Amino acid sequence: MIGAGRYRTHAAAGAADAVGESVRVSGWVHRRRDHGGVIFIDLRDRSGILQLVFHPEQAPEAHAAAERLHLEDVICVDGEVVRRSEDTVNPRIPTGEVELAVATMERLAETEPVPFSVEDESTEPSEELRLTYRYIDMRRPRRLAALELRARVVRAMRRVLDDEGFLEVETPVLTRSTPEGARDFLVPSRLSQGEWYALPQSPQLFKQLLMVGGLERYYQIARCFRDEDLRADRQPEFTQLDVEASFVEPADIEDLTERVLVACFAEAGIEIPVPFPRMGYDEALRRFGSDRPDLRFGMEIQDWTEAAGRTDFAVFTGVVEAGGVVRGLVVPGAGAGVSRKDGDELMAEAQALGAKGLVWAIVQDDGTLRSPVAKFLDGLADAFGASPGDLITLVADDERVASEVLGTLRNRFAERWDLIPADTWAPLWVEDFPLVGWNADEERWDALHHPFTAPHPDDIGRITSDPGSVRSLAYDVVLNGLEIGGGSIRIHDQAVQAAVFECIGLGAEEAEDRFGFLLRALRLGAPPHGGIALGLDRLVMLLAGERSIRDVIAFPKTATGADPLTGAPAGVDEVQLTELAVRSTAPPPEAPEG
RNA sequence: GGGGGUGUAGCUCAGCUGGUUAGAGCGCAGGACUGUCAAUCCUGAGGCCGCGGGUUCAAGUCCCGUCACUCCCGCCA
């Protein structure tokens, strides 16, 4: 083992297999139990915990030194691994049947009191403190386990892709700003003052160039950068498994991705069935109100438009006559205890989400409905298959709003009424996305993914006449309601590319100016190609059962993009700015307080 | 950019309708104890109640502002 010459013959956990042997182990003082005579130390290294025993008679020097040890001191000990007597076995730790009778001890590092306990995992220090002392935080088993899982997942990805003949290639981090999608992080150039590099939002353009370059199968564990506001599942820098292949169709990439994910899940001890279910974008929106539906639970959106149009309820008939829909959810068992006031709150919640209103009803034991507008809801419970005790909510609005609002409520209700089964994994492919979406603000069509996404060959004829109906060869992989990856087949035909540019109002000149280098390459023998990018952080977060991707990143940033450990971002020297010909217009920072 | 939550000892937290000397557990320091494993027992130190302003006889507590952290919307593949 590494370090064997000087510091260790065994890892702490490995000592359990060395009963009767003389060993040397090194690590941290995890816990100390000083009985005045005999002293017990729980020694911790990355492998686990091993109990050390210091006897005053057998090793007086080591015992005296052990009296002065602090928690988290770093020590190296020699001694014999002995089996514990039966009454002193500790079944709670893997090495609980043995202990190390210490002969000699060396203190390798004496520590100041640590800012929070490594050993006590019953309390969780504030996240800011954990980030400030991330190196203490990662001594805690849960944090360590997340990083170990992440490393295993990456190894599994590499294993699958290497075996399939994929080539790992690095693409530049200092690259060119292509103002599409997210805001770029910019880096001023010293050698060309006034000009800027941009950090890549993804290696998208480079991986297409690699396909033109004939590499055929590429992947990269790629760091990506986006200068947007943060969230629990969003960091300014994050990692993707980026994959691209030539001479492929969507099913090839989907099958490959499934093989990768199966291997990743296996690292977390989870078996997922393949193939994953496939669902069209329109169907996902209609049934679940989301293009990344959480399929761990049912509660599908149901339609009552036709019946609602026949009621005397003006709210419904008005919407139906205007071409809108009346749709709703049945929340099983949620009706108990819902008061008039709770109903009003549901209404307000739906309005905050953009709906005009919300109708609620509770199915009573006799099958009738309790609702402020019960008299208009004849037959609703039967139509929706609702049972006594269920809560029904209805939204009447145009189709897009109703779908969006119900989709959000569906997720919230499942959470609120605890309808999501634990330890369930629901992967899904969402396909047949529209190629473009209408940008109402700027009154033009926008590429829904990016402008190199290939249109569906069956729909390409409508790209001028009816762009909104054209599907793309794009696919997202969704897990438990989170998008963990997305990709597409790219355009390799220049006539198609020109048509798409025209559709989204990108003139030939402007396209040439922004993406000229890619377009030139695509004219020089580009094979049909496509790929996918998987969000590594989100995937590992889900597999590790964590609520934030910060928990699976070694040194993450806070919600304001700061790193409390290093103090980044921070001011720089005036000299540095002068060299870059950059001047800040920001007001001088206040002295920090609090 | 907008909305919600949090901020009290090194850490996790309690502190009621404003009231006199701000508490607990863990950690830390000193002591006792020879088989514990969250060891136990005794003693002790440790507080700009995030920061600034205001109301009040009186503010950890109420009001305004501000900063930090956090969740969400906007934004973001």
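Chain A is the first sequence line, chain B the second, and so forth, proteins listed ahead of strands; every chain is numbered from 1. Since the structure is predicted, the reported quantities are computational estimates derived from the model, not experimental observations.
The ring of A/His450 does not lie on top of the base of B/rA77; it is either too far (5.5 Å or more) or too tilted (30° or more). B/rU36 has A/Phe40 stacked on its base ring, the centres lying under 5.5 angstrom apart and the planes within 30 degrees of parallel.
For B/rC64 and B/rU56, the C1' atoms lie 16 Å apart once the distance is rounded to whole Å. Comparing B/rU36 with B/rU40, their P atoms are spaced 12 Å from each other, to the whole Å. Rounded to whole Å, the separation between the C1' atoms of B/rG60 and B/rG19 comes to 13 Å. The gap from the C1' atom of B/rC75 to that of B/rG3 amounts to 15 Å, rounded to the nearest Å. The C1' atoms of B/rC62 and B/rA45 are separated by 34 Å, rounded to the nearest whole Å. Across B/rG53 and B/rG74, the matching C1' atoms stand 33 Å from one another, rounded to whole Å.
Nucleic acid contact for A/Glu99: base, since at least one base atom lies under 4.0 Å from a heavy atom of the residue. A/Gly486 comes within 4.0 angstrom of no nucleic acid atom, judged by non-hydrogen atoms across all strands. If you check every strand for non-hydrogen atoms under 4.0 Å, A/Gln51 touches a base. Looking at heavy-atom distances under 4.0 Å, A/Thr560 makes contact with sugar-phosphate atoms alone, never a base.
The base of B/rU12 lies outside donor-acceptor range of the side chain of A/Glu124, with no N or O pair under 3.5 Å. For A/Glu119 and B/rG27, a side-chain-to-base donor-acceptor distance below 3.5 Å is absent, hydrogens and geometry of angles not being considered. A donor and an acceptor atom sit less than 3.5 Å apart, one in the side chain of A/Arg234 and one in the base of B/rC75. Side-chain to base pairing of A/Arg84 with B/rU36: one donor and one acceptor N or O lie within less than 3.5 Å of each other.
Considering only heavy atoms from C-beta on, A/Arg278 comes within 4.5 Å of A/Glu254 through its side chain. Here the side chains of A/Val331 and A/Arg416 are not in contact, with every heavy-atom distance at 4.5 Å or above. In this structure the side chain of A/Asp432 reaches within 4.5 angstrom of the side chain of A/His456, judged on heavy atoms. Residues A/Ile136 and A/Glu72 fail the side-chain proximity criterion, which asks for heavy atoms closer than 4.5 Å. When side chains are defined from C-beta on, A/His449 counts as touching A/Asp476, because their heavy atoms get closer than 4.5 Å. A/Leu506 has its side chain within reach of A/Phe515: a pair of non-hydrogen atoms, C-beta onward, lies under 4.5 Å apart.
In a base pair of the Watson-Crick type (N1 to N3 plus N6-O4 or O6-N4) or a G-U wobble (N1-O2 and O6-N3), with each distance short of 3.5 Å, B/rG18 is matched with no nucleotide. Here B/rC49 sits opposite no nucleotide as a Watson-Crick or G-U wobble pair (both hydrogen-bonding atom distances under 3.5 Å). Using the Watson-Crick or G-U wobble rule with both distances under 3.5 Å, B/rC26 pairs with B/rG10. Nucleotide B/rC69 forms a Watson-Crick or G-U wobble pair with B/rG5, both donor-acceptor distances falling under 3.5 Å. Under the Watson-Crick or G-U wobble criterion, with both distances below 3.5 Å, B/rC37 has no partner in any strand shown. Partner assigned to B/rU55 is none, using Watson-Crick or G-U wobble distances below 3.5 angstrom.
Taking atom CG on A/Leu52 and atom C1' on B/rU36, their separation rounds to 13 Å, with Å as the unit. The CD atom of A/Glu483 sits 14 Å away from the P atom of B/rC76 (whole-angstrom rounding). Per the geometry, CG belonging to A/Leu482 stands 11 Å off P belonging to B/rC72, to the nearest Å. Regarding A/Trp429, its CH2 atom lies at a distance of 19 Å from the P atom of B/rA77, rounded to whole Å. Distance CG (A/Asp233) to P (B/rA77): 14 Å, rounded to an integer number of Å. Following rounding to the nearest Å, A/Leu129 (CG) and B/rC26 (P) show an atom-to-atom distance of 20 Å. In this entry the distance linking CZ of A/Phe452 with P of B/rA77 reads 14 Å, nearest Å. Distance A/Ile39 CD1 to B/rU40 P: 16 Å, rounded to the nearest Å.
When each of A/Leu52, A/Val102, A/Val77 is tested with A/Ile41 by the rule side-chain contact (heavy atoms from CB on, under 4.5 Å), just one qualifies, namely A/Leu52. The side-chain contact (heavy atoms from CB on, under 4.5 Å) test with A/Thr257 singles out one residue from A/Ile484, A/Leu534, A/Asp252, A/Val243, and that residue is A/Leu534.
One finds a side-chain N or O of A/Arg550 lying less than 4.0 angstrom from the OP1 or OP2 phosphate oxygen of B/rC71. The phosphate of B/rC73 has OP1 or OP2 within less than 4.0 Å of a side-chain N or O from A/Arg231. Using a 4.0 Å cut-off, no side-chain N or O of A/Ser126 falls inside it from OP1 or OP2 of B/rC11. Put simply, A/Arg31 has no side-chain N or O that comes within less than 4.0 Å of OP1 or OP2 on B/rA38. Contact annotation: A/His30 does not reach the phosphate of B/rA38 (side-chain N/O to OP1 or OP2, under 4.0 Å). Under 4.0 angstrom from either OP1 or OP2 of B/rU36 there lies no side-chain N or O belonging to A/Arg33. An OP1 or OP2 oxygen of B/rA77 is reached within less than 4.0 angstrom by no side-chain nitrogen or oxygen of A/Gln240. In terms of phosphate contacts, A/Thr558 brings a side-chain nitrogen or oxygen within less than 4.0 Å of OP1 or OP2 of B/rC69.
In the set B/rG35, B/rU12, B/rA77, B/rU12 carries the atom at the smallest distance from any side-chain atom of A/Thr123. Side-chain atoms of A/Glu228 lie closest to B/rC75 of the nucleotides B/rA39, B/rC75, B/rC69. Out of B/rU70, B/rA38, B/rG35, the shortest distance to the side chain of A/Glu127 is found at B/rU70. When distances are taken from the side chain of A/Pro115 to each of B/rG35, B/rG10, B/rG27, the shortest belongs to B/rG10. Closest contact between the side chain of A/Val38 and the listed nucleotides B/rC75, B/rG35, B/rA77 involves B/rG35.
Each of A/Leu448 and A/Pro56 was assigned the nucleotide of RNA chain B with the nearest heavy atom; the assignment lying further toward the 5' end belongs to A/Pro56. In this structure, A/Arg412 and A/His70 both approach RNA chain B, and ranking their closest nucleotides by distance from the 5' end singles out A/His70.
Judged purely by atom type and a 3.5 angstrom limit, A/Arg32 has no side-chain atom pairing as donor or acceptor with the backbone of A/Leu71.
Taking the ring axis of A/Phe297 as reference, the NZ or CZ atom of A/Arg410 stays within 45° of it and closer than 6.0 Å to the ring centre.
Ring geometry, A/His450 versus A/Phe452: the interplanar angle falls from 30° to 60°, so the pair is classed tilted. Using bins of under 30°, 30° to 60° and over 60° for the plane-to-plane angle, the ring pair A/Tyr281/A/Phe433 lands in the tilted bin.
Remark: A/Arg550 does not engage A/Asp537 in a salt bridge, criterion side-chain N to carboxylate O under 4.0 Å. By the 4.0 Å N-to-carboxylate-O rule, A/Glu237 lies close enough to A/Arg223 to be salt-bridged with it.
A heavy-atom distance below 4.0 Å to RNA chain B is reached by none of the residues of residues 344-358 of chain A. Using a 4.0 Å cutoff on non-hydrogen atoms, the parts of residues 86-96 of chain A near RNA chain B are A/Thr88, A/Val89, A/Asn90, A/Arg92, ordered by number.
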